[in-house]
Amino acid sequence: MEPLTRITDVHIHVQPWRDVKPAVLAALRRGHEAQWDFLLSVMDDPARLLEVLDRAGVWRAGLVNYPAPDVMGFTDTTNTFAARYAQANPERLLPYGGVHPRFTRDAAGDVDRLVELGIRLVKIHPPHQQLPANAYTDGLVALGQIYRRCEERGLPVMIHTGTSIFPGARSKYGNPLELDDVAVDFPDLRIVMAHGGRPLYMAEAFFVLRRHPRVWLDVSGIPPGRLLEYFPRLAEVADRVLWGTDWPSPGVTDLRRNIDQFLALPLSDAHKKAILETNALALLPVAG
Ligand SMILES: [Zn+2]
């Protein structure tokens with residue numbers, strides 16, 4: 001296989017950790033004690049992150065950010081943080097942001113402001129924002145307005161699926177079947193299903209993926225060596241699978257190790273290249 005020089009990791013957590021609640025920070029720190037000071041410095045300095053990416057052979061990374069003040073501690077400043085951080089290298093750093101459906105007073109206007117900031121993708125995190133991904137079908141009007149505006153502006157939406165272990169998170173909102181509604185009601189919206197419902201809802205996740213051509217699978221958070229146990233028919237949707245690691249979430253210590261484990265899977269070279277490089281380039285083209 002020819003060397004891969006255009007790998008995009010669509011899902012890493014570079015966030016304003018100084019805003020995070022103490023109990024959440026403790027959960028983030030677990031397993032990372034030895035490199036904790038280094039990780040804190042990464043959150044402050046994009047040059048450190050670019051070194052991490054260089055060492056791992058990763059070209060671009062998506063910086064997951066979203067407001068979740070009551071569970072995680074992140075406020076709307078998470079958006080300006082992401083935008084400012086990514087300015088260090090707009091080609092390689094892709095800032096993601098969010099609008100909180102339960103707290104916004106102007107959902108469409110807030111999405112427009114994210115676009116003006118340079119945000120490349122909107123993240124909805126049901127377990128951390130304490131709502132089902134289809135809550136607009138049950139009265140949460142602002143959530144539908146966010147999806148609608150993202151659809152109109154061509155902004156992809158990433159939705160967390162599966163469990164979350166952070167204190168206060170509501171994992172019952174992690175069922176990917178709720179994305180079926182979103183894909184039906186917003187047919188032009190490009191939806192990135194983060195984590196494929198792991199570790200509980202892979203059958204639902206695969207159904208939604210197969211049914212809806214504008215839903216992508218972000219494999220972050222799934223142990224790469226076990227990806228084909230989680231999704232035995234992954235090859236059928238390989239043109240909509242995106243590489244991601246969830247670094248530095250608990251259990252994810254090294255970007256390169258995950259890539260090497262993925263490369264060892266019995267998938268074709270063409271599918272590996274699509275998942276690591278080209279699918280993400282189509283969804284999130286190079287800026288400018
Ligand atoms: Zn994540």
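Only heavy atoms go into these numbers, but all of them, side chains included; no hydrogens, no water, no symmetry mates. Keep in mind it's a predicted model, so treat the numbers as computed, not measured. Just follow the structure's listing: the first ligand is 1, and inside any ligand the first atom is 1.
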Exercise for the section: Go through the steps to decide whether Phe186 and Tyr136 satisfy the test ring-ring contact (aromatic ring centres under 6.0 Å, His included), and finish with yes or no. Expected result: CA-CA 12 Å; Phe186 305 94; Tyr136 65 89; 5.3 Å; yes

Exercise for the section: Check the pair Arg60, Asp9 against salt bridge (charged side-chain N to carboxylate O under 4.0 Å, His left out), reporting the backbone distance first and the verdict last. Expected result: CA-CA 6 Å; Arg60 304 192 302 169; Asp9 184 329; over 6 Å; no

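Protein contacts to the Zn ion (ligand 1) involving N, O or S atoms at a distance below 2.8 Å are His11 NE2, His13 NE2, Asp246 OD1.
Annotation: side-chain contact (heavy atoms from CB on, under 4.5 Å) contacts of Leu25 (sequence neighbours excluded): Trp17, Val20, Leu28, Trp36.
No side-chain donor from either of His32 and Thr253 sits under 3.5 Å from a side-chain acceptor of the other. Between the side chains of Glu91 and Trp59, a donor-acceptor pair is found at a separation under 3.5 Å. A donor-acceptor pair shorter than 3.5 Å can be found between the side chains of Thr78 and Asn65.
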